[in-house]
Structures are given as C-alpha cells and as structure tokens.
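So the structure is just underneath, and the comments pick up after that.
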Protein chains: 2
Amino acid sequence: MRETQDAPETFTPRQRAVLDRALELLLEGGERALTTAGLARAARCSKESLYKWFGDRDGLLAAMITHQASKVRAQIDDGAALDLARFRAHLMDFANDLLQVLGGDVSLALNRLAIGQASREGNRLGELLIERGRRGIDKRAGALLEAGRRRGFIIYDDRDAAYHTLYGLIVRDLHVRMLLYEAGARQPEKFAALAEEAVEQFFVLFGVRENMKAIPA
Amino acid sequence: MRETQDAPETFTPRQRAVLDRALELLLEGGERALTTAGLARAARCSKESLYKWFGDRDGLLAAMITHQASKVRAQIDDGAALDLARFRAHLMDFANDLLQVLGGDVSLALNRLAIGQASREGNRLGELLIERGRRGIDKRAGALLEAGRRRGFIIYDDRDAAYHTLYGLIVRDLHVRMLLYEAGARQPEKFAALAEEAVEQFFVLFGVRENMKAIPA
DNA sequence: ACAGAACCGTACCGTACGGTACGATCATCC
DNA sequence: GGATGATCGTACCGTACGGTACGGTTCTGT
C-alpha cells in the first residue's frame with residue numbers, strides 16, 4: 001500500500017517542530033484533541049502543509065511515532081570487562097530505563113493512541129510502535145543476557161523466555177494499569193525499588209550460585 | 001456526577017441482547033464501528049431506546065463493561081482440605097484463567113476501548129474495567145495466596161508484592177502486545193505452558209522447601 | 001376491548017472533522 | 001528585481017456521527 005514505510009523517513013526541522021507540537025496536543029487532550037485543524041493552528045502551519053508532508057491523518061500519527069522513536073535511541077552496552085557486579089548493575093540500569101520509558105508521558109500517550117487505533121486500518125501504528133520502540137529495548141536486553149550467560153553469571157535454555165520473564169518481573173501489571181490511568185498506578189518514585197526487587201528475583205530464578213543452580217525447568 | 005454508578009445496575013433481557021450485539025460490533029470493527037445508528041440497526045432497536053436506556057454513548061460503553069463483567073463471575077475457591085498439590089493446582093488454574101481472560105476477544109476489545117478512551121471524560125471506563133474486572137481476579141488471587149501462606153506452602157512479607165510478581169510471571173508482556181495486535185503475540189495454545197512455567201518460577205521465589213527457604217529479600 | 005406505555009423506524013438537526021482549493025505572503029535563487 | 005516555489009491563513013465541501021423528535025406499531029395490564 002504505502003511505499004515510504006520502511007525508509008528511514010527523516011524530517012526537516014520545521015516538520016520536527018510540528019511533530020513535537022502534535023505530541024504536546026496528544027499529551028494534553030488525547031487522540032480527540034489531535035485534529036488537523038487544531039494542530040495547524042497550534043503549530044502555525046497550514047493544513048495543506050500537513051497533508052503535503054504526511055499524506056493523511058494516519059501518516060501524521062505514524063510520523064509522530066517514528067519521530068519520537070528517533071529521539072530516544074537506546075544506547076548499546078559495551079561488553080567490556082564484565083564482572084558480576086557490573087552485570088548486575090547493567091540489569092538494574094535496564095530495569096530502571098524500562099520502567100522510566102514505559103511510564104513516560106509520551107510513551108503512554110503513543111501506546112494509548114496505537115491501542116485505540118488498533119483493529120482499524122490493520123495496525124500500522126502498533127507495528128510501528130513495536131518496530132521502532134520495543135525492538136531496540138529487546139535487542140539491548142537480549143545482548144545483555146547473552147553476555148551474562150557467556151560469563152556464567154546466569155543460565156537459561158531459551159533466551160527469549162528468560163527475557164520475557166525478566167520483563168514480567170520488572171513491569172508486572174504496571175503498564176496496562178498506567179495505560180488505563182488507574183489511580184496510584186503511576187508512581188515513578190517507586191520505580192527504583194521495583195527494579196531492584198525484579199533483578200533480585202531474576203537472579204534467584206536464573207542466577208548461578210557457587211553451590212546450587214536454580215534451573216527453572 | 002452520575003448517581004446510578006455504584007448500583008448493581010441490572011438490565012432487562014432485551015437490553016442484555018442489545019449489549020451483546022454491541023459487543024459483537026465492537027469485536028468486528030473496533031470502536032469506530034460501534035455507532036448508535038449502527039447498533040440500532042444491528043440490534044433492531046431504535047436510537048431513542050438506546051438513549052433512554054443508557055443515557056448517552058458513554059453510558060452505553062459503560063453498560064457494555066458492566067454487562068460483560070456480570071457474565072464472567074470468578075468463582076471463589078473453597079479453602080477446604082488444601083494440601084500442597086491442590087494449592088499448586090489452584091495456582092495453575094488461576095494462571096490459566098488469567099491468561100484465558102486477558103487473551104479473550106471481548107476482554108481485549110473492552111481494554112482497547114477503555115485505553116483509547118482514557119484521558120478524556122476522566123477515565124470512567126478504565127475505572128469500571130478495573131473495578132468490575134480486575135478486582136475480582138485480584139481478590140481471588142489474594143485469598144489463594146493467603147491460604148497458601150497460612151498452610152506454610154509459601155512465604156512472603158507483602159502479599160500485594162507477591163501477587164504482582166505472580167501476575168508478572170504469568171502475563172509477562174503478553175497483554176500489551178495482544179492489545180497492540182502484535183503478530184504472533186496471541187497464541188492461546190501456549191497458555192498452558194506459560195502458566196506451568198510461571199507457577200514453577202513462583203514457587204522458586206516464594207515456595208518453602210524442607211531444607212532451604214528462598215526468601216526474595 | 002381499550003388505554004397507556006414501551007418501542008420501532010425514520011427523518012431530522014447541529015456540529016465537528018478530514019480533506020481540498022485558493023489567494024496572499026515569504027524565502028530563495030538567478 | 002523579478003520569477004519560482006514553498007508555506008500560510010482561511011474558506012469551503014462532504015460526510016459521518018451524536019442526539020432529538022415524531023408518527024406508527026406492538027405489548028401489557030385491566
């Protein structure tokens with residue numbers, strides 16, 4: 001259908017400014033507040049330009065996702081000089097970053113947008129969100145786990161399964177509850193404690209102690 | 001604002017039939033397919049009746065949630081004659097039921113609806129979904145865990161924390177990925193294996209063995 | 001059998017939004 | 001300085017939807 005989908009799809013500074021304004025509107029009032037006329041007024045551009053740049057409204061939403069994803073590039077960890085303490089610290093960093101990202105305003109708003117949009121027009125937005133957002137996180141975590149396994153700090157049969165367990169230990173049911181605006185679900189000040197406990201539990205499940213090995217299966 | 005909110009809010013058979021039809025429309029085409037005119041046509045009723053029964057469109061959506069919740073009443077487990085095997089089986093049942101519910105068509109559609117609607121009109125739908133859906137699940141799991149702890153099968157300091165960990169081990173990141181229609185995320189045939197592994201891991205974290213106690217903290 | 005209520009089907013209204021068209025304005029380049 | 005192209009602001013169009021009104025029909029209770 002669309003041919004410009006897999007391209008890097010870079011934007012001009014003006015377009016990026018407009019996309020940032022669009023994100024603000026989305027944060028303030030949800031999807032319904034993000035109308036073409038409203039965005040044109042807020043960003044001081046013409047509707048005609050919006051359609052010229054992004055094609056249609058769905059193209060605009062997709063552009064917002066790729067634009068946001070391009071801002072938060074996850075850094076890849078260096079595999080140098082990895083001892084157990086550093087490995088544990090890296091896991092903690094990952095857990096904290098994950099909670100920080102998933103609990104961020106923009107991420108929550110974009111996820112709400114994509115989820116609400118799902119089931120209509122296929123699910124381009126959902127795919128985009130996963131492709132440009134989660135993929136990076138998954139790869140970073142996968143590389144980290146693999147490094148830890150090679151050094152003998154942890155043991156597992158299925159890396160994906162181990163990663164998903166780690167993810168579950170960290171995020172629990174927080175993501176959906178935050179997406180639903182559940183009162184009290186979003187408490188960033190507790191993220192550090194959650195991350196700490198999750199990594200602790202992950203080591204109980206997959207860590208290699210000197211005397212006993214906790215093999216999940 | 002609304003006074004009929006906390007009432008049991010029972011519906012006539014005709015109204016329930018209409019609500020069922022509304023759920024079907026929502027499943028087929030998402031929120032956009034659920035218009036008052038469309039529902040009136042599909043359910044062979046008049047729009048006037050819809051507004052008389054449910055007030056407005058948001059009232060209709062809320063009624064759909066309470067209606068659906070009234071159908072899947074979670075049975076509470078009897079605490080009689082609980083040995084370790086039965087406790088473990090109960091946990092397995094809970095895990096399977098949880099995955100079954102969260103992965104069900106109706107649950108996913110209603111969650112998408114509530115999440116997409118969130119941030120506008122407060123978040124009545126999200127609250128309703130949590131109140132009438134998750135609350136029951138939480139209570140059932142809480143009672144189950146407490147029974148297991150009293151019998152000495154598991155140990156924990158904070159029941160909520162233990163429950164959330166159990167939830168995370170079971171659901172992982174599946175819920176959001178299913179909400180996003182991620183390809184391959186929804187595979188009900190694998191739910192049993194996931195439940196099995198989750199319960200296994202939960203016992204590693206919180207279970208009490210004869211010789212060693214795995215205390216998470 | 002009759003009255004009254006509930007309900008159906010349809011028509012109608014106002015509005016809001018996506019998308020297009022067009023003249024005016026501004027920047028750029030020769 | 002003048003032509004060219006991009007962009008702005010605004011006006012406009014069609015449509016779809018939420019919500020209301022109303023006449024005709026069916027159901028219910030007496």
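Reminder, nothing fancy here: chain letters follow the sequence lines and each chain counts from 1.
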| request: Go along nucleotides 13-27 of chain D 5' to 3' and tag each nucleotide: B for a protein heavy atom under 4.0 Å from its base, S when only backbone or sugar atoms are that close, - otherwise. | output: ----SBBBBB-----

| query | For A:Phe54 and D:dT7, what is the distance between atoms CZ and P respectively, to the nearest whole Å? | reply | 11 Å

| message | Expressed as a whole number of angstroms, how long is the span from A:Leu50:CG to C:dA21:P? | response | 16 Å

| query | When we call it a touch if two heavy atoms are under 4.0 Å apart, what does B:Arg44 touch: a base, just sugar-phosphate, or nothing? | reply | sugar-phosphate

| query | Any sub-3.5 Å donor-acceptor pair from B:Asp56's side-chain atoms to B:Gly59's backbone N or O? | reply | yes

| field | Of residues 18-27 of chain A, the positions that come close to DNA chain D - non-hydrogen atoms, cut-off under 4.0 Å | value | none

| Residue pairs, two or more places apart or on separate chains, that pass salt bridge (Lys or Arg N to Asp or Glu O under 4.0 Å) and touch residues 27-49 of chain B | B:Glu31-B:Arg57

| field | Inter- and intrachain pairs under salt bridge (Lys or Arg N to Asp or Glu O under 4.0 Å), touching residues 177-195 of chain B, at least two apart | value | B:Asp105-B:Arg186, B:Asp173-B:Arg177, B:Arg177-B:Glu182

| said: Could you check whether A:Asp157 pairs with A:Arg149 (Lys NZ or Arg NE/NH1/NH2 to Asp/Glu carboxylate O, under 4.0 Å)? | reply: no

| field | NZ/NE/NH1/NH2 to OD/OE distance under 4.0 Å, A:Arg88 and A:Glu200 | value | yes

Is [X] near enough to [N] that one of its side-chain N or O atoms lies under 4.0 angstrom from OP1 or OP2?
X: A:Trp53; N: D:dT7; result: yes
X: B:Ser49; N: C:dC7; result: no
X: A:Arg14; N: C:dC26; result: no

| Can a donor-acceptor pair be found between the side chains of B:Tyr163 and A:Arg172 at a distance below 3.5 Å? | no

| Partner residues of A:Arg135 under the side-chain contact (heavy atoms from CB on, under 4.5 Å) criterion, sequence neighbours left out | A:Ile130, A:Glu131

| Considering residues at least two apart in sequence or located in another chain, which fulfil the ring pair (Phe, Tyr, Trp, His ring centres under 6.0 Å) criterion with A:Phe202? | A:Phe206

